[in-house]
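Position 1 is the first residue of the sequence, and the numbers go up from there. When reading the values below, keep in mind they use all heavy atoms of this one structure, side chains included, and skip hydrogens, waters and symmetry mates.
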Amino acid sequence: MELIPVIDLMGGAVVHARRGERSAYRPIETPLSAGSAPLDVAAGLLALAPFTSLYVADLDAIAGRPGHDAALAELAARHPGLALWVDAGEAEAPRVERRAAAGPGRSVVGSETMADLALGLAAIRAGAAALSLDYGPEGPRGPAEIHAEAGLWPEAVIVMTLARVGAGEGPDFGRLAGIVARAGARRVYAAGGVRHADDLARLADLGIAGVLLASALHDGRLPAAAIARFMA
(Lines give C-alpha, C1' and ligand atoms only; values in the text may rest on other atoms or scores of the structure.)
Protein backbone atom coordinates (compact mmCIF):
# COMPACT_ATOMS: atom_id res chain seq x y z
CA MET A 1 0.00 0.00 0.00
CA GLU A 2 1.41 3.36 -1.04
CA LEU A 3 1.68 6.02 1.65
CA ILE A 4 1.65 9.61 0.36
CA PRO A 5 2.31 12.59 2.63
CA VAL A 6 0.22 15.71 2.00
CA ILE A 7 0.87 19.43 2.19
CA ASP A 8 -1.91 22.02 1.84
CA LEU A 9 -0.74 25.40 0.56
CA MET A 10 -2.41 28.73 1.27
CA GLY A 11 -0.93 32.19 1.31
CA GLY A 12 2.60 30.91 0.72
CA ALA A 13 2.54 28.58 3.73
CA VAL A 14 1.63 25.02 4.57
CA VAL A 15 -1.59 25.15 6.54
CA HIS A 16 -3.25 22.75 8.96
CA ALA A 17 -6.26 21.37 7.16
CA ARG A 18 -9.24 20.42 9.30
CA ARG A 19 -12.67 19.22 8.19
CA GLY A 20 -12.49 21.13 4.90
CA GLU A 21 -13.20 24.45 6.66
CA ARG A 22 -10.67 26.31 4.55
CA SER A 23 -11.44 29.79 5.86
CA ALA A 24 -10.25 28.62 9.29
CA TYR A 25 -6.98 27.06 8.15
CA ARG A 26 -3.84 28.51 9.74
CA PRO A 27 -0.09 27.95 9.13
CA ILE A 28 0.92 24.57 10.42
CA GLU A 29 2.90 24.05 13.59
CA THR A 30 4.78 20.75 13.45
CA PRO A 31 7.80 19.15 15.11
CA LEU A 32 8.96 18.14 11.64
CA SER A 33 9.84 21.70 10.64
CA ALA A 34 10.91 24.97 12.24
CA GLY A 35 8.26 26.84 10.31
CA SER A 36 5.47 26.50 7.76
CA ALA A 37 7.42 27.21 4.56
CA PRO A 38 6.52 24.59 1.90
CA LEU A 39 10.10 23.45 1.27
CA ASP A 40 10.79 23.05 4.98
CA VAL A 41 7.62 21.12 5.79
CA ALA A 42 8.04 18.90 2.75
CA ALA A 43 11.63 18.14 3.78
CA GLY A 44 10.47 17.19 7.26
CA LEU A 45 7.84 14.82 5.92
CA LEU A 46 10.17 13.24 3.39
CA ALA A 47 12.78 12.63 6.10
CA LEU A 48 10.37 10.26 7.87
CA ALA A 49 10.52 7.54 5.22
CA PRO A 50 11.51 6.94 1.59
CA PHE A 51 8.24 8.29 0.23
CA THR A 52 8.16 8.38 -3.56
CA SER A 53 5.21 10.76 -3.93
CA LEU A 54 3.99 13.98 -2.33
CA TYR A 55 0.42 15.24 -2.61
CA VAL A 56 0.09 19.02 -2.85
CA ALA A 57 -3.28 20.76 -2.52
CA ASP A 58 -2.92 24.33 -3.77
CA LEU A 59 -5.90 25.77 -1.94
CA ASP A 60 -5.44 29.26 -3.33
CA ALA A 61 -5.49 27.96 -6.90
CA ILE A 62 -8.52 25.79 -6.13
CA ALA A 63 -10.30 28.94 -4.90
CA GLY A 64 -9.40 30.82 -8.10
CA ARG A 65 -6.64 32.91 -6.55
CA PRO A 66 -2.98 33.03 -7.70
CA GLY A 67 -1.44 29.69 -6.85
CA HIS A 68 1.91 28.29 -5.80
CA ASP A 69 3.55 27.19 -9.05
CA ALA A 70 6.87 28.72 -7.96
CA ALA A 71 6.87 26.64 -4.78
CA LEU A 72 5.99 23.53 -6.79
CA ALA A 73 8.88 24.19 -9.15
CA GLU A 74 11.22 24.55 -6.17
CA LEU A 75 9.96 21.28 -4.69
CA ALA A 76 10.57 19.49 -7.97
CA ALA A 77 14.08 20.92 -8.20
CA ARG A 78 14.91 20.10 -4.57
CA HIS A 79 13.59 16.53 -4.80
CA PRO A 80 14.27 15.20 -8.31
CA GLY A 81 12.36 12.03 -9.01
CA LEU A 82 9.70 12.75 -6.42
CA ALA A 83 6.25 12.38 -7.98
CA LEU A 84 4.11 15.40 -7.19
CA TRP A 85 0.38 14.84 -7.14
CA VAL A 86 -1.03 18.33 -7.59
CA ASP A 87 -4.60 19.45 -7.02
CA ALA A 88 -4.68 23.04 -8.17
CA GLY A 89 -8.29 23.25 -9.25
CA GLU A 90 -7.40 22.29 -12.80
CA ALA A 91 -10.38 20.71 -14.54
CA GLU A 92 -9.71 21.69 -18.18
CA ALA A 93 -7.52 19.76 -20.60
CA PRO A 94 -5.02 22.54 -21.50
CA ARG A 95 -4.19 23.21 -17.84
CA VAL A 96 -3.76 19.51 -17.08
CA GLU A 97 -1.54 19.09 -20.13
CA ARG A 98 0.70 21.92 -18.94
CA ARG A 99 0.96 20.31 -15.51
CA ALA A 100 1.84 16.93 -17.04
CA ALA A 101 4.62 18.53 -19.08
CA ALA A 102 6.09 20.24 -16.03
CA GLY A 103 7.72 17.17 -14.49
CA PRO A 104 7.25 13.90 -12.65
CA GLY A 105 3.89 13.36 -11.08
CA ARG A 106 0.31 13.91 -12.08
CA SER A 107 -2.56 16.34 -11.86
CA VAL A 108 -5.48 15.61 -9.62
CA VAL A 109 -8.85 16.63 -11.00
CA GLY A 110 -11.26 17.18 -8.13
CA SER A 111 -14.94 16.55 -8.65
CA GLU A 112 -15.70 19.73 -6.69
CA THR A 113 -13.95 21.80 -9.38
CA MET A 114 -15.75 20.16 -12.32
CA ALA A 115 -18.07 22.83 -13.62
CA ASP A 116 -18.83 20.58 -16.58
CA LEU A 117 -18.65 16.77 -16.65
CA ALA A 118 -17.48 16.47 -20.26
CA LEU A 119 -14.71 19.05 -19.78
CA GLY A 120 -13.62 17.35 -16.56
CA LEU A 121 -13.40 13.94 -18.21
CA ALA A 122 -11.43 15.43 -21.10
CA ALA A 123 -9.02 16.95 -18.58
CA ILE A 124 -8.45 13.60 -16.89
CA ARG A 125 -7.72 11.92 -20.22
CA ALA A 126 -5.42 14.74 -21.35
CA GLY A 127 -2.83 14.21 -18.64
CA ALA A 128 -3.51 10.75 -17.23
CA ALA A 129 -4.77 12.61 -14.17
CA ALA A 130 -6.13 11.08 -11.00
CA LEU A 131 -9.74 11.77 -10.09
CA SER A 132 -10.60 12.97 -6.61
CA LEU A 133 -14.14 12.10 -5.63
CA ASP A 134 -14.81 14.91 -3.15
CA TYR A 135 -17.31 14.60 -0.32
CA GLY A 136 -18.23 17.50 1.93
CA PRO A 137 -20.48 17.41 5.01
CA GLU A 138 -23.41 17.95 2.64
CA GLY A 139 -22.49 14.93 0.49
CA PRO A 140 -20.89 14.44 -2.94
CA ARG A 141 -19.44 17.51 -4.58
CA GLY A 142 -19.45 18.00 -8.32
CA PRO A 143 -21.46 16.32 -11.09
CA ALA A 144 -23.63 13.50 -9.77
CA GLU A 145 -22.63 11.29 -12.71
CA ILE A 146 -18.96 11.21 -11.75
CA HIS A 147 -19.85 9.76 -8.37
CA ALA A 148 -22.49 7.35 -9.65
CA GLU A 149 -20.87 5.88 -12.77
CA ALA A 150 -17.67 3.93 -12.07
CA GLY A 151 -17.16 3.48 -15.79
CA LEU A 152 -16.18 7.16 -15.98
CA TRP A 153 -13.36 6.80 -13.47
CA PRO A 154 -9.69 6.73 -14.51
CA GLU A 155 -7.06 4.27 -13.27
CA ALA A 156 -6.44 6.20 -10.03
CA VAL A 157 -9.34 7.36 -7.85
CA ILE A 158 -8.96 9.31 -4.61
CA VAL A 159 -11.82 9.26 -2.12
CA MET A 160 -11.58 12.61 -0.34
CA THR A 161 -13.83 12.83 2.70
CA LEU A 162 -13.26 16.43 3.75
CA ALA A 163 -15.15 16.18 7.04
CA ARG A 164 -12.61 13.57 8.21
CA VAL A 165 -9.49 15.57 7.28
CA GLY A 166 -7.57 16.52 10.42
CA ALA A 167 -10.52 15.50 12.60
CA GLY A 168 -9.01 12.42 14.25
CA GLU A 169 -12.20 10.42 13.70
CA GLY A 170 -10.85 7.72 11.42
CA PRO A 171 -11.40 7.11 7.71
CA ASP A 172 -14.84 6.72 6.18
CA PHE A 173 -14.53 2.94 5.91
CA GLY A 174 -18.09 2.40 4.70
CA ARG A 175 -17.79 4.76 1.76
CA LEU A 176 -14.34 3.44 0.90
CA ALA A 177 -15.53 -0.17 0.90
CA GLY A 178 -18.40 0.72 -1.42
CA ILE A 179 -16.13 2.49 -3.89
CA VAL A 180 -13.54 -0.31 -3.88
CA ALA A 181 -16.35 -2.76 -4.65
CA ARG A 182 -17.34 -0.69 -7.70
CA ALA A 183 -13.85 0.27 -8.87
CA GLY A 184 -12.83 -2.99 -10.50
CA ALA A 185 -9.11 -2.96 -11.32
CA ARG A 186 -8.75 0.76 -10.58
CA ARG A 187 -6.48 1.88 -7.74
CA VAL A 188 -8.42 3.54 -4.92
CA TYR A 189 -6.67 5.98 -2.58
CA ALA A 190 -8.09 6.98 0.80
CA ALA A 191 -7.87 10.58 2.00
CA GLY A 192 -9.02 11.90 5.34
CA GLY A 193 -9.04 10.62 8.90
CA VAL A 194 -6.17 8.14 9.30
CA ARG A 195 -5.15 8.10 12.97
CA HIS A 196 -2.78 5.19 13.49
CA ALA A 197 -1.42 1.88 12.21
CA ASP A 198 -4.67 0.04 12.94
CA ASP A 199 -6.46 2.31 10.49
CA LEU A 200 -3.83 1.54 7.85
CA ALA A 201 -4.22 -2.20 8.46
CA ARG A 202 -7.97 -1.97 8.02
CA LEU A 203 -7.59 0.06 4.82
CA ALA A 204 -5.16 -2.52 3.46
CA ASP A 205 -7.68 -5.26 4.21
CA LEU A 206 -10.30 -3.31 2.23
CA GLY A 207 -8.04 -3.35 -0.82
CA ILE A 208 -7.05 0.32 -0.69
CA ALA A 209 -4.05 0.94 -2.96
CA GLY A 210 -2.74 4.02 -1.21
CA VAL A 211 -3.39 6.49 1.59
CA LEU A 212 -2.93 10.25 1.81
CA LEU A 213 -1.48 11.23 5.19
CA ALA A 214 -0.87 14.45 7.10
CA SER A 215 -1.93 14.85 10.74
CA ALA A 216 -0.84 11.36 11.85
CA LEU A 217 2.64 12.08 10.48
CA HIS A 218 2.97 15.48 12.12
CA ASP A 219 1.83 14.40 15.57
CA GLY A 220 3.77 11.13 15.62
CA ARG A 221 0.84 8.73 15.76
CA LEU A 222 2.39 6.94 12.79
CA PRO A 223 6.00 6.28 13.85
CA ALA A 224 8.73 5.33 11.42
CA ALA A 225 8.42 1.60 12.20
CA ALA A 226 4.72 1.55 11.30
CA ILE A 227 5.32 3.52 8.13
CA ALA A 228 8.07 1.10 7.08
CA ARG A 229 5.85 -1.93 7.71
CA PHE A 230 3.16 -0.73 5.32
CA MET A 231 5.58 0.50 2.69
CA ALA A 232 7.51 -2.80 2.59
Drop me the distance from [X]'s [atom1] to [Y]'s [atom2], to the nearest 0.5 angstrom.
X	Y	atom1	atom2	value
Asp69	Leu9	CG	CG	10.5 Å
Leu222	His196	CG	NE2	9.0 Å
Glu138	Leu162	CD	CG	8.5 Å
Met10	Ile28	CE	CD1	12.5 Å
Glu145	His147	CD	NE2	10.0 Å
Met1	Arg187	CE	CZ	11.0 Å

Any residue meeting side-chain hydrogen bond (donor to acceptor under 3.5 Å, both in side chains) with [X], in chain and number order, not counting sequence neighbours:
X	result
Glu29	none
Thr161	none
Asp87	none
Asp8	none

Using only atom types and a distance under 3.5 Å, with no angle test, would you say the side chain of [X] pairs donor to acceptor with the backbone of [Y]?
X	Y	result
His68	Gly12	yes
Ser111	Arg141	yes
Arg186	Trp153	yes
His79	Glu74	no

Check against side-chain contact (heavy atoms from CB on, under 4.5 Å), Ser215 and His16: CA-CA 8 Å; Ser215 295; His16 181 200; 3.9 Å; yes
Quick note, salt bridge (Lys or Arg N to Asp or Glu O under 4.0 Å) partners involving residues 188-197, not counting sequence neighbours, are Arg195-Asp199
Keeping to residues at least two apart or across chains, list the salt bridge (Lys or Arg N to Asp or Glu O under 4.0 Å) pairs with something in residues 214-224. Asp219-Arg221
Quick one: salt bridge (charged side-chain N to carboxylate O under 4.0 Å, His left out) partners of Arg78, sequence neighbours excluded? none
Listed partners of Arg65 passing salt bridge (charged side-chain N to carboxylate O under 4.0 Å, His left out), at least two apart: Asp60
Closest non-hydrogen atom pair between [X] and [Y], with its separation:
X	Y	answer
Val109	Ala123	CG2-CB, 4.4 Å
Gly89	Thr113	CA-CG2, 3.9 Å
Ala88	Arg95	O-NH2, 3.7 Å
Pro171	Val194	CG-CG2, 3.9 Å

Mind checking what makes side chain to side chain contact (heavy atoms under 4.5 Å, CB included) contact with [X], not counting sequence neighbours?
X	answer
Ala177	Leu206
Leu119	Asp116
Ala191	Ile158, Met160, Leu212

Applying side-chain contact (heavy atoms from CB on, under 4.5 Å), run through Leu72 and Arg99 and close with a yes or a no. CA-CA 11 Å; Leu72 289 167; Arg99 181 74 60 194; 3.4 Å; yes
State, with a plain yes or no, whether a side-chain heavy atom of [X] is found less than 4.5 Å away from one of [Y].
X	Y	answer
Val14	Pro27	no
Ile227	Leu217	yes
Val157	Leu133	yes
Ser107	Val86	no

Contacts table for residues 32-57: side-chain donor-acceptor under 3.5 angstrom, sequence neighbours left out:
| from | atom 1 | to | atom 2 | distance (Å) |
| --- | --- | --- | --- | --- |
| Ser33 | OG | Gly35 | N | 3.2 |
| Ser33 | OG | Gly35 | O | 2.7 |
| Ser53 | OG | Glu2 | OE2 | 3.1 |

The single option from Ile179, Leu131, Asp134 that satisfies side-chain contact (heavy atoms from CB on, under 4.5 Å) with Val159 is Ile179
For salt bridge (Lys or Arg N to Asp or Glu O under 4.0 Å), just list the numbers for Arg98 and Glu92, CA-CA rounded to whole Å, side-chain angles, deciding distance to a tenth of an Å, and then say yes or no. CA-CA 10 Å; Arg98 286 196 294 272; Glu92 298 86 25; over 6 Å; no
Any Lys/Arg nitrogen of Glu149 or Arg182 sitting under 4.0 Å from an Asp/Glu carboxylate oxygen of the other? no
For the pair Glu90 and Ile62, evaluate side-chain contact (heavy atoms from CB on, under 4.5 Å) and give the outcome as yes or no after the intermediate values. CA-CA 8 Å; Glu90 296 166 339; Ile62 290 170; over 6 Å; no
Candidate pair Tyr189 and Ile4, rule side-chain contact (heavy atoms from CB on, under 4.5 Å), full reasoning: CA-CA 10 Å; Tyr189 294 79; Ile4 304 176; 4.1 Å; yes
